[in-house]
Number of protein chains: 2
Amino acid sequence: MATASRALANHPHVATATRARVLAAAEELAYVVSPEASRLAGGATDRVGVVVPHISRWFFAAMLDGLEAVLRDADLDVLLYHVGDAADRHDFFRRLPARRKVDALVVIGLPVDEPERERLALMGVHIVAAGGQIENYPYVCIDDAAAGRQAVDHLVFLGHRRIGMIATLDPEQPDWPVAPGRTRAYAEALTEAGIPADPALTVTVPWGGVSGADAMSRLLSLRTPPTAVYAHSDEVAFGAVRTLRRAGLRIPEDISVVGIDDHPHAELADLTTVAQPVRRQGELAGRMVLRLLGGEADGDGITVPTRLVVRGSTAPPARRSTWPPARRRPAAR
Amino acid sequence: MATASRALANHPHVATATRARVLAAAEELAYVVSPEASRLAGGATDRVGVVVPHISRWFFAAMLDGLEAVLRDADLDVLLYHVGDAADRHDFFRRLPARRKVDALVVIGLPVDEPERERLALMGVHIVAAGGQIENYPYVCIDDAAAGRQAVDHLVFLGHRRIGMIATLDPEQPDWPVAPGRTRAYAEALTEAGIPADPALTVTVPWGGVSGADAMSRLLSLRTPPTAVYAHSDEVAFGAVRTLRRAGLRIPEDISVVGIDDHPHAELADLTTVAQPVRRQGELAGRMVLRLLGGEADGDGITVPTRLVVRGSTAPPARRSTWPPARRRPAAR
DNA sequence: ACCAACTTTGGAAGCGTTTCCGGAGCTGCG
DNA sequence: CGCAGCTCCGGAAACGCTTCCAAAGTTGGT
C-alpha cells in the first residue's frame with residue numbers, strides 16, 4: 001500500500017519498474033485515489049472556494065472564467081458560492097459553508113467588513129480578493145477612480161460642461177459601497193475642469209439596464225439635460241442609450257454616452273467605454289492563489305490598468321444654439 | 001463520540017438535553033464536522049459537479065445561477081468544470097477529474113456521444129443534462145425546433161417571403177451540432193409556407209456578436225438581400241443589428257430581425273425574440289438532481305415552453321416598390 | 001413489584017489514504 | 001571481504017468521522 005501510494009503520488013523512492021506496475025494496475029482497475037481519504041490522511045483539499053455576488057452578470061462570469069482556467073490547470077477544483085442578497089451574505093459568514101472544504105478562498109467583487117473578516121479568518125485559509133477594493137487581502141483589481149477619470153476626462157476634453165452621471169448600487173445590497181472611486185472620479189474631474197457641481201446631474205439607481213434607462217429618463221426630465229452622460233457601467237449605459245433613442249435623440253450628435261467595463265456588447269452597440277481586462281483579472285487572481293498555496297508570501301496586490309476605448313457614442317457637444325436639438329425627428333430605430 | 005456524531009447529524013435517539021449540550025459545545029469551539037472524514041466513513045460527498053462549455057456567456061451563467069441556487073439550498077456544494085475546447089473535452093472524459101468527488105453531475109448544453117457516455121458511466125453517479133438535447137439522461141431543455149418555428153413563423157405571418165437565417169456553431173468545437181432543431185425549424189417553416197428554399201439565405205458562423213455582424217454583411221451582399229433575418233441567438237442578432245445600422249438601414253422598416261433566447265439586452269435593444277426561461281431551466285435541473293439523489297426514479301426529462309416576445313425589431317416587409325429602400329439616409333445610430 | 005420493550009449512551013470497528021520507520025537488498029570503497 | 005550508506009519496500013499508526021452493537025437506564029403494563 002505504501003509503495004502504491006508513493007507511486008501514485010509521484011513521490012521518489014519507488015523503483016521505476018514498480019511504479020510502472022502500479023500505474024498499469026491503476027489504469028486497469030480504473031482506480032483513482034479517494035480524495036476524501038487522501039485529504040484525511042494529511043494532504044490539502046486541492047479545492048478553492050470562489051465567492052461571487054452575481055453569477056450571471058458578465059463581469060463576474062468573465063472573472064470566474066479566467067480564474068477557473070488557471071486553477072483547473074493547476075488541478076485545483078473550484079467550489080462555487082453564490083452570495084447574493086443580505087440574507088445569503090449573513091448566512092455565508094455565519095455558517096462558513098466553505099469551512100474545511102477549501103485551501104483558499106477567492107472573493108470576487110464583494111466588500112468584506114471587519115466582523116466578516118474575523119469570521120473568514122476562522123477558516124484558516126488564504127484569501128484573495130478579485131475585482132474589489134479590499135486592502136486587507138492580496139487583491140487584483142482596477143483603479144476605479146482612474147477609470148472614472150478616463151471616462152469623465154474624455155467628455156471634458158471633448159468640450160462638455162454639463163455632464164450627467166448615472167451611479168449604481170447593488171440591487172440586493174443597497175448599502176454596499178459599489179465602486180466609490182467611480183463617483184469620486186466624477187467630482188474630481190469636474191472640479192479640476194472648473195465645472196461647478198450640480199447635484200441634479202447625478203442619478204443613483206440599482207445596477208441594471210432597465211435602471212439605466214430610467215436614470216436617463218430622469219436626466220432628460222431636467223430643464224437643461226446634460227450634453228453627455230457618464231455611466232458607471234456599460235450595462236447601465238445600454239439602458240441610457242435606449243431611452244435616448246426612444247426620445248429621438250441622436251448619439252453622439254445630441255448627447256454623448258460613455259460607460260465603463262468594455263462589455264462585449266459595447267463593441268456591438270458602438271459605445272465609448274473604459275476597458276478593463278476582466279478575464280485577465282480572474283487569471284491573475286488564480287495565479288495569486290497558486291503562489292500563496294505554494295508558500296510564497298502575500299504579494300501586495302495588483303492593480304491592472306484600464307484604457308479608454310473611443311467608439312461612436314461620444315463627440316463634442318452640439319454648439320449652444322442647437323440645444324435643444326433643432327429639428328425633432330421621429331425615433332430612429 | 002458516537003453520541004456527538006448523532007447529535008450533529010440530527011439523528012434520532014439522542015436525548016434533547018444531550019443534543020443541546022453537544023450543539024452548544026460545537027458552537028463554543030467553532031467546530032465543524034470534517035467533510036472528508038465524514039464522507040470517508042460512509043456518507044455522500046454532498047457535492048454536485050457542473051460541466052459547462054462556456055462560463056462567461058449569459059446563457060450558461062444564467063443556467064448555472066439557477067442551478068446553484070437550488071443546490072445550495074439543499075446544502076450541496078457546486079464543483080465547476082469548464083470544458084471549453086476539444087482538448088479540454090478530451091481531457092475531461094479521459095481523466096474524469098470529477099471522479100469520486102461528486103454525487104451527481106450536471107452537464108449544461110454539451111452534447112455527449114456514446115464513448116463519452118461510457119466514460120461518464122464509470123463515475124457511477126447520477127447525470128442530468130440541462131439546456132441540451134441528450135435523451136440518454138434525464139434532461140431539462142427547450143424544444144429548439146418549436147422555438148425556431150415561433151421565430152420564423154412570426155416572420156412568415158408578417159408577410160416576409162425572403163427570410164435569411166444566421167445559424168451558429170460553437171467556435172471551439174466547430175463540429176458539434178449546436179441546436180440542429182433551430183435550423184430544421186427554418187426549413188420546415190419555409191416549406192410549409194410554400195416559400196422555395198434559397199441556400200444563399202443561410203449563413204453559418206461561429207457563435208458571437210461580431211460573427212453575427214459579419215454574417216449580416218454577407219446577407220447584405222446578396223443581389224437581393226432578405227427582408228427579414230432569423231438569428232439562432234440574440235447575441236448574434238445584436239451583431240446583425242449593428243451591421244444594419246451601419247448600412248443605414250432602418251429596423252424594422254427596411255429589414256426585420258428576430259433572435260432566440262431573450263437575453264437581458266434584447267429588451268434594451270428592442271429586439272423581437274423567442275424567450276426561454278434560462279434560469280428556470282437551471283433550477284429545474286437542480287430539482288431533478290435533488291430528486292435523483294433522494295432515490296426517486298429518473299424522470300423522463302422536462303421540456304420547458306418558449307414564447308415569442310414581440311418587440312420593435314420586426315414588422316411587415318416594406319412594399320415591393322420601396323426595396324431597396326427609397327431614400328438612403330445617413331446612419332441613424 | 002417484575003419483566004418486556006424501548007430509549008439513550010459509549011465502545012469499537014472500519015472507511016482509504018499518507019507517512020513514519022525499520023528491514024532487506026545492493027553498491028562501492030577501504 | 002566487511003561495512004557504511006543507499007535505494008526500495010511494506011508494516012502500522014494516524015487522520016476524523018459514522019454506524020453497528022451491546023450495555024445501561026427508563027417506562028409502562030400486569
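We name chains A, B, ... by the order of the sequence lines, and we start the count at 1 in each one.
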Within residues 15-29 of chain A, those residues having any heavy atom closer than 4.0 Å to DNA chain C are none
May I have the distance from A:E36 (atom CD) to C:dG16 (atom C1'), rounded to whole angstrom? 10 Å
Greater than 12 external heavy atoms within 6.0 Å of B:R21's CZ: no
Does B:R100 qualify as a cation-pi partner of A:Y31, given the criterion of NZ or CZ under 6.0 Å from the six-membered ring centre and within 45 degrees of its axis? yes
Whether over 12 other heavy atoms sit under 6.0 Å from B:E27 CD: no
Filtered N/O pairs between nucleotides 17-21 of chain C and protein, under 3.5 Å:
unit_1	atom_1	unit_2	atom_2	d
C:dT17	OP1	A:Y31	OH	2.6
C:dT17	OP1	A:S34	N	3.2
C:dT17	OP1	B:R100	NH2	2.9
C:dT17	OP2	A:Y31	OH	3.1
C:dT17	O5'	A:Y31	OH	3.0
C:dT18	OP2	A:S5	OG	2.1
C:dT18	O5'	A:S5	OG	3.3

Scan A:R39, A:R72, A:K101 and name whichever one has a salt bridge (Lys or Arg N to Asp or Glu O under 4.0 Å) with A:D77. A:R72
Compute whether any side-chain donor of one residue and acceptor of the other, for B:D262 and B:Q276, lie under 3.5 angstrom apart. no
Please check if the number of heavy atoms outside A:E28 that lie under 6.0 Å from its CD is greater than 12. no
Please round to the nearest 0.5 Å and tell me the distance separating atom CZ of A:R117 and atom CG of A:L120. 9.0 Å
Checking A:H82 side chain against A:V51 main chain: does a donor-acceptor pair fall under 3.5 Å? no
